[in-house]
Amino acid sequence: MDEKQHPNHEKKTPDAQNNKSTGRPTAAKRVMSKRWLYPAIYLGAAAVIIGLMYARSQMGSSPTSSTSANDTATSNTTSTSITEPKEPFVWPVADGTQTEVTVPFFPVKGTLKEQESALVEYDNEYYPHKGIDIKTEGGSSFEVDAALSGTVTKVDDQPLYGQEVVVQSDDGYTETYQSLESVDVKAGEKIHQGQTIGTAGSNTFEKGQGNHLYFEVDYNNEPIDPQSVLPKQ
């Protein structure tokens, strides 16, 4: 059917006459006949694959020369088994706060789909997510609490990541809290689990996420999936 004609105005053509027994071409057939379809699919798949390859090569690097815990890690797996901390982790939000994980941890050995969902695009490049993003359903700011007790080793205002707090805990664990709008602790301060660290905000690196908390857990200086140690929601 000529696409420029009125839908109700039929025009018989040799092709249409030959296809009387099967009826009009299906929508799928019309789409598949487009010459641009296969190149578009190829380019889209290539972009994802290239992004994943780049992300794997970047595991342990970041868009800046920051010396935070994010940038010293070189892998998301450890050569030894992970020892559970004596004090079990809790979610880094105030009791009663309804949140969800919107960007997961990048799994080097995960499926293509799992890896794709854990990529952060910034300045036309892809970076593996070495923590998790936590948001409220409505995207509002919320109170951020300590997931473990420990000592605050760093409080900084990162150009890309927003305000940041790093806490050194027992048993080889380090927790990084980024994208904070405000901070209620000081470097050198000993804090207890559940103590208020600050409030969640937004940052430049993940601008599309709006108000959220970036939460990273390092074990012996290597990032691990925070959800592997946090209680099941």
Applying a strict under-4.5 Å side-chain criterion to I, L, V, M, F, W and Y, I'd like to know whether [X] and [Y] cluster together.
X	Y	result
L148	V152	yes
I82	F215	yes
V103	L119	no
V90	I197	no

Heavy-atom pair of closest approach, residues [X] and [Y]:
X	Y	result
L230	P92	CD2-CD, 4.4 Å
V167	Y177	CG2-CE1, 3.9 Å
E114	S117	O-OG, 2.8 Å
S182	T199	OG-OG1, 2.6 Å
A187	V155	N-CG2, 3.7 Å

Is the backbone N or O of [Y] less than 3.5 Å from a side-chain atom of [X], with the two atoms forming a donor-acceptor pair by type?
X	Y	answer
D156	E164	no
E175	V165	no
Q193	A147	yes
W91	P231	yes
Q115	L112	no

Are T151 and I191 close enough, and set up right, to give a side-chain contact (heavy atoms from CB on, under 4.5 Å), and what steps lead you there?
CA-CA 6 Å; T151 302; I191 62 174; over 6 Å; no
Just do the side-chain contact (heavy atoms from CB on, under 4.5 Å) check on Q195 and E189 with the steps written out, would you?
CA-CA 12 Å; Q195 181 175 335; E189 180 180 351; 3.3 Å; yes
Validation row: [X], [Y] side chains within 4.5 angstrom (heavy atoms):
X	Y	answer
E87	D170	no
S169	S149	no
L213	F142	yes

Which value, rounded to the nearest 0.5 Å, describes the distance between [X] atom [atom1] and [Y] atom [atom2]?
X	Y	atom1	atom2	answer
Y173	Y219	OH	OH	5.5 Å
S141	L180	OG	CG	9.0 Å
H212	I134	NE2	CD1	9.5 Å
Y214	E206	OH	CD	8.0 Å
D133	E216	CG	CD	11.5 Å
H129	T102	NE2	OG1	7.5 Å

Does a sphere of radius 6.0 Å around [atom1] in [X] hold more than 12 heavy atoms from other residues, nucleotides or ligands, not counting ones at 6.0 Å or beyond?
X	atom1	result
E100	CD	yes
Q233	CD	yes
D157	CG	yes

If you measure only the distance, is there a donor-acceptor pair under 3.5 Å linking the side chains of [X] and [Y]?
X	Y	answer
T136	T99	no
T196	E143	yes
S202	Q209	no
N220	E222	no

Candidates D218, T176, T174, V217 - the one meeting side chain to side chain contact (heavy atoms under 4.5 Å, CB included) with P223:
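Output: one option passes, namely D218.
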Hey, what's the ring geometry for Y161 with F205, parallel, tilted or perpendicular (30° and 60° as the breaks)?
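Ring orientation, 0 to 90° scale: perpendicular.
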Is the shortest distance from a Lys or Arg side-chain nitrogen in K86 or D171 to a carboxylate oxygen in the other one below 4.0 Å?
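Between D171 and K86 there is a salt bridge, with a charged N closer than 4.0 Å to a carboxylate O.
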